[in-house]
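Counting starts at 1 for both ligands and their atoms, in listed order.
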Amino acid sequence: MNILLIGSGGRECAFAWKLSQSEKCTNLFIAPGNAGTANYGKNVNINPNDFEAVKALALKEQVDLLVVGPEEPLVLGIHDFFANDEAVAHIPVIGPKKEGAILEGSKDFSKQFMERHNIPTAKSKSFTNETLQEGLAYLANHATPIVLKADGLAAGKGVLIIDNNKEAQDELQLMLGGKFGNAGSTVIVEEFLTGIELSVFVLSDGKDYVILPEAKDYKRIGQGDTGLNTGGMGSVSPVPFANAEFLNKIEERIIKPTVNGLASEGIDYTGFIFFGLIKVGEEPYVIEYNARMGDPETESVLLRIENDLVELFLATANKQLGNYEIKISPKNAATVVIVAGGYPGEYEKGKAISGLENIRDSYAFHAGTALEGGIVKTNGGRVLAISSVKDTQFEALQCATADAARIYFDGKYFREDIGFDLI
Ligand code: AMP
Ligand code: GLY
């Protein structure tokens, strides 16, 4: 089969690594990919949001399967575009249509969806410019901290946690005034939940689902989980505090009602559902849905999936997940992300990367890298995801952290404490 994978991050590099291992994979194309994905297939430099270009590539290379990594093309309707175009309608797409991707594309929709299906989540209320005065009054008496969320996609920056009522009122005005563009034209005011977060993933074929290994990601830039939020500085899988009883609660109270709820609303969801969860006491709550896999969770999760990924995707596309047996390794995976100096603020690109050949026992999944004149250079904030899989979590963490130290580029930074809080 010829497979086209959309995206250019660490998640896609891990997907490319795993897809390329399948005997069913004849040719793998990655659009646009990075210096790492080029090790597993052919990069094609097109913009994933240019659906005409994606279609032209799919036709030219006789693609049999389209796998969409990031959320943006999904929210913009890449699956709908393929389904509605006769020339490419036969190509199955892993990733939901617009009507499903809205779970991530609109937090207001997802909160209402959870309410309709009785799925545990923080209490909330939405406001727009028309209801600004009501929103200000609501905020005046709200318990602190207060969580404010822009409804739409805001590149991971649309969630603010504010300690003071007056500041929250000012922020609501700024958000509704266009601070996040259209994404903030509806703002959700949410109760703050105190607990520990984890990520749970399923692959859904629209009626059945398989549960993938759970993971925990580390969002803050600084050691000890301090400083600014990032796209993710590392991950571990499994998650020690997610025991069988807790995972069972997640399946019964969150996964089943979500998959059944989508089906009952006529949404044919073919793709990943990422449940961003928080454990409050012993109870799971949904913080957010994403319509894709997590990054850097994927890098750890895929190291524990023993199935052929192409077979898993075909079972998804053919709505055969009900009979599919997912095989998960009992081993422990850990990922440490190496970022560019300054990230998540301003940072420079184009720094030569050395030491990749010195890695001993980890995978180096590339995130923000590019090949320039045969040299691997930095090309983003999150540069490399160093992942290791071992019998114990301690060994996996030690190995990934030690291998991350073997890589060098000007301004390089990584957290040395990923996962160690859990053991
Ligand atoms: P999101 O973009 O929805 O994942 O939110 C970003 C981060 O904000 C989450 O990973 C949480 O750490 C935090 N967060 C979001 N909503 C809440 C909430 N209701 N209570 C506590 N923390 C939250
Ligand atoms: N690691 C969190 C995310 O992918 O959104």
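Each ring-ring contact (aromatic ring centres under 6.0 Å, His included) pair with one or both residues in residues 205-258, not counting sequence neighbours, would appear here, but there are none.
Contacts of E297 with ligand 2, taken as heavy-atom pairs under 4.0 Å, involve the side chain alone. Heavy atoms of R292 found under 4.0 angstrom from ligand 2 belong exclusively to the side chain.
Between F365 and Y363, the angle of the ring planes stays under 30°, which puts this pair in the parallel group of the 30/60° scheme.
Per-residue contacts place G294 under 4.0 angstrom from the following atoms of ligand 2 (heavy atoms of the residue considered): 4 (O). Against a heavy-atom cut-off of under 4.0 Å, G231 is close to the following atoms of ligand 2: 1 (N).
Within the structure, the closest approach of S235 to ligand 2 does not fall below 4.0 Å when heavy atoms are considered. Contact annotation: G232 has no heavy atom less than 4.0 Å from any atom of ligand 2.
For the pair M175 and L148, the minimum side-chain heavy-atom distance is below 4.5 Å. Side-chain contact between I254 and P120 is present, with heavy atoms from C-beta onward closer than 4.5 Å.
Ion pairing between a basic and an acidic side chain is recognised when a charged N comes within 4.0 Å of a carboxylate O; D308 and K18 show no such pairing.
Looking only at atom types and distance, the side chain of H142 has no donor-acceptor partner in the side chain of E191 under 3.5 Å away.
A cation-pi contact, defined as under 6.0 Å to the ring centre and within 45° of the axis, is absent between R292 and F15.
If you check which protein heavy atom lies closest to atom 2 (C) of ligand 2, you get D217 OD2, 3.5 Å.
Near ligand 1, heavy-atom contacts under 4.0 Å come from K107, A122, V147, K149, V159, I161, E190, E191, F192, L193, E197, K219, I287, E288.
The minimum heavy-atom distance linking P296 with G232 is given by the pair CD-CA, 3.7 Å.
If you run side-chain hydrogen bond (donor to acceptor under 3.5 Å, both in side chains) between D225 and each of R415, R220, K219, only R415 comes through.
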